[in-house]
S.K.: 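Pasting a structure here, questions to come.
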Amino acid sequence: MLRKRPIDDYIYRATLGLPKHNRVDTSAELRVHLNSRVKELMAGGFPKDESEHLAVQEMGPVEPVNLAFLGHGFTNKLGWIVLVAAVLGGVFYFFNQKHENPLREAVLDGKDFATILANNKLERPTYRKFEVDIPGNVNQVEWALIGWDTFKILDISREKPPALNFLGTKVSILVGLGTPKVNTQTECKEGSAAQMVLYSTTPEGSTTNVSPEIICLHPGLRPRNPNIKSQIKKPTYNEFASSSIGNFNKMNFNEWIPVLNWSVIDFNNAARNKLYLNDPTKHLAVVVRLGNEIESKIGTAFYRETFRIDTKGKPITTIYNFGTDIDYGFGKNASDMWTVQETQTAK
Amino acid sequence: MDSIVKQLDLDLVLLATLEPSPLYGLEILKEVNIRTKGALEFKGGSLYPALHRLVKANWVETYWEPSTNGGAPRKYYRLTDSGLSMYARKKEQWTRAKSAMESLIERLTFGKVSHVA
């Protein structure tokens with residue numbers, strides 16, 4: 001095996017990583033220097049191999065020289081390993097920390113109270129606040145009101161996270177419990193009753209305004225069992241009991257996560273409580289999911305209904321189904337996501 | 001010693017060495033050795049990266065010239081105009097620092113002596 005001359009080895013290591021032209025120039029200069037020293041040492045009586053060894057020795061350790069030429073240390077394996085590990089670690093941290101405990105209950109602050117008091121629609125007896133970290137690759141957030149026992153969507157709201165950039169953002173949601181101070185006739189369509197108000201806030205410094213969302217329940221969603229006779233009524237404050245089921249450690253795309261649930265309790269009629277178990281309007285929850293691409297099959301179990309009265313005073317049920325063959329992609333109109341089927345349910 | 005040169009400001013050492021005339025690498029080392037009577041000496045490994053830094057800063061420029069004794073051509077370094085003015089500035093800073101250090105050391109020696117006395 002051919003052994004590299006110490007001079008060649010020194011020059012190779014000292015100039016490693018330099019741009020080609022710069023490396024050739026620097027190598028030539030170092031070689032002239034080292035060869036001149038070898039000549040001088042040989043003239044002093046040293047044999048050639050010892051002269052080469054001494055000339056290189058006089059230059060000092062090669063690593064600092066290479067570092068000084070480059071201004072960084074990524075010419076050796078360790079340097080690259082450190083760089084790659086740091087980059088991978090950073091990427092891993094970025095994607096994971098965004099999903100770490102993304103949904104949590106937060107404390108209402110003065111600003112929230114000021115917002116509530118300043119807006120008639122938001123005036124509610126009780127508020128709970130939740131925060132959701134929205135990763136940068138999410139392009140839509142959906143909040144839905146569901147009947148908890150049957151997991152039917154009663155109402156759904158979609159919003160594009162405001163001020164979203166690739167680093168993500170944070171959205172706060174206030175959930176008001178109790179009867180909203182809104183005009184049901186004007187705020188809710190088709191005779192449904194306003195049940196709750198959601199509003200989301202954007203991060204500090206954002207110019208986006210608070211956007212209240214009135215969530216209405218449709219009277220037609222009362223028990224599907226025809227033997228159960230009940231009528232929609234606006235629950236009073238003391239008919240609401242709530243419990244938080246937030247604080248999730250991980251949030252997968254397109255997966256519904258419960259934020260808050262509560263039940264409507266009729267204190268005056270204990271015997272009817274049993275019936276409420278199958279009543280989607282009696283056990284309610286707010287759920288949230290983050291989306292970048294929703295698979296078409298994910299919504300097949302969900303539907304919603306609305307009721308209206310036809311010209312002869314007969315109720316017409318409109319059922320909106322998620323179809324498995326519908327491309328439920330974001331960016332389309334909400335109406336594209338539903339198939340509509342109208343049925344005359346009453347005679 | 002390399003460490004002493006670092007403390008003294010290697011840039012000033014090189015600018016001072018190149019001020020009278022252009023020199024190539026090995027000559028610079030020898031010139032420093034001669035002009036400081038062997039008190040300052042640094043390794044060739046420290047020299048070239050420092051020279052390259054001065055070139056980048058535009059204080060020094062280079063050119064290749066054939067060897068006078070028939071050997072390989074050599075790369076010479078000479079001060080530019082901005083190198084000359086930088087040298088003047090650094091020299092002034094050094095003179096002030098040197099004078100300040102001298103008075104400090106003198107006062108310390110005097111204080112120590114008077115205390116002992």
Side-chain angles (χ1 to χ4, degrees), chain A residues 5-44 46 48 50-76 79, chain B residues 1-14 17-18 22-34 36 38 40-78:
Chain A
R5 288 173 64 208
I7 289 178
D8 293 333
D9 186 50
Y10 180 88
I11 292 170
Y12 174 81
R13 291 170 63 196
T15 60
L16 193 63
L18 285 173
K20 197 179 173 186
H21 173 74
N22 199 355
R23 189 173 188 184
V24 170
D25 193 73
T26 308
S27 298
E29 184 178 29
L30 289 173
R31 194 175 296 282
V32 170
H33 177 104
L34 287 163
N35 285 341
S36 302
R37 275 303 289 152
V38 168
K39 267 188 192 171
E40 287 173 2
L41 288 163
M42 283 173 73
F46 286 99
K48 191 179 178 190
E50 285 179 19
S51 302
E52 285 180 350
H53 174 75
L54 288 171
V56 168
Q57 283 284 96
E58 282 175 5
M59 299 295 279
V62 70
E63 289 82 11
V65 177
N66 181 243
L67 260 174
F69 274 135
L70 287 172
H72 60 77
F74 297 110
T75 52
N76 55 37
Chain B
M1 296 292 284
D2 261 21
S3 56
I4 293 175
V5 173
K6 271 176 202 162
Q7 286 169 29
L8 288 178
D9 187 348
L10 181 57
D11 290 355
L12 177 59
V13 171
L14 294 174
T17 312
L18 291 171
L23 298 170
Y24 61 87
L26 195 54
E27 266 186 336
I28 295 172
L29 290 180
K30 288 176 180 169
E31 186 71 10
V32 170
N33 193 275
I34 291 165
T36 61
L40 288 187
E41 189 182 309
F42 55 98
K43 292 186 184 297
S46 311
L47 173 70
Y48 290 100
L51 285 170
H52 284 214
R53 191 160 36 79
L54 297 192
V55 171
K56 249 186 194 171
N58 201 32
W59 296 343
V60 162
E61 60 191 3
T62 63
Y63 59 94
W64 286 87
E65 200 163 88
S67 168
T68 46
N69 55 11
R74 299 177 190 285
K75 190 179 185 180
Y76 280 80
Y77 293 85
R78 71 172 160 227

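Each chain gets a letter, A, B and so on, in the order the sequences are listed, and its residues count up from 1.
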S.K.: Pick from A:Arg31, A:Glu58, A:Met59: which one has the most heavy-atom pairs with chain B under 4.5 Å?
M.R.: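 The answer is A:Met59.
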
S.K.: Show the nearest heavy-atom pair for residues B:Pro73 and A:Val32, with the distance to one decimal.
M.R.: O-CG2, 3.4 Å

S.K.: At a 4.5 Å cut-off on heavy atoms, which part of A:Leu34 comes close to chain B: side chain, backbone, both, or neither?
M.R.: neither

S.K.: Give a yes or no on whether A:Tyr12 atom OH has more than 12 heavy-atom contacts from other residues, nucleotides or ligands under 6.0 Å away.
M.R.: no

S.K.: What part of A:Ala28 lies closer than 4.5 angstrom to a heavy atom of chain B: side chain, backbone, both or neither?
M.R.: both

S.K.: Could you check whether any side-chain heavy atom of A:Thr15 comes within less than 4.5 Å of a side-chain heavy atom of B:Tyr48, counting everything from C-beta outward?
M.R.: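 SC-SC contact between A:Thr15 and B:Tyr48 ruled out.
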
S.K.: May I have the step-by-step check of side chain to side chain contact (heavy atoms under 4.5 Å, CB included) for B:Thr62 and A:Glu29, ending in yes or no?
M.R.: CA-CA 11 Å; B:Thr62 63; A:Glu29 184 178 29; over 6 Å; no

S.K.: Less than 4.5 Å to any heavy atom of chain B: does that hold for the side chain of A:Asn35, its backbone, both, or neither?
M.R.: neither

S.K.: Chain A heavy atoms under 4.5 Å from B:Lys56: which part of the residue, side chain, backbone, both or neither?
M.R.: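 Neither the backbone nor the side chain of B:Lys56 comes within 4.5 Å of chain A.
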
S.K.: More than 12 heavy atoms of other residues, nucleotides or ligands under 6.0 Å from CZ of A:Phe46: yes or no?
M.R.: no

S.K.: To the nearest 0.5 Å, what is the distance between OG1 (A:Thr26) and NZ (B:Lys75)?
M.R.: 5.5 Å

S.K.: For A:Val65 and B:Gly45, which heavy atoms make the closest approach, and how far apart are they?
M.R.: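 So the two residues come closest at CG2-O, 3.3 Å.
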
S.K.: Restricting to non-hydrogen atoms, name the atom on B:Gly25 and the atom on A:His33 that form the minimum distance, rounded to 0.1 Å.
M.R.: C-ND1, 4.2 Å

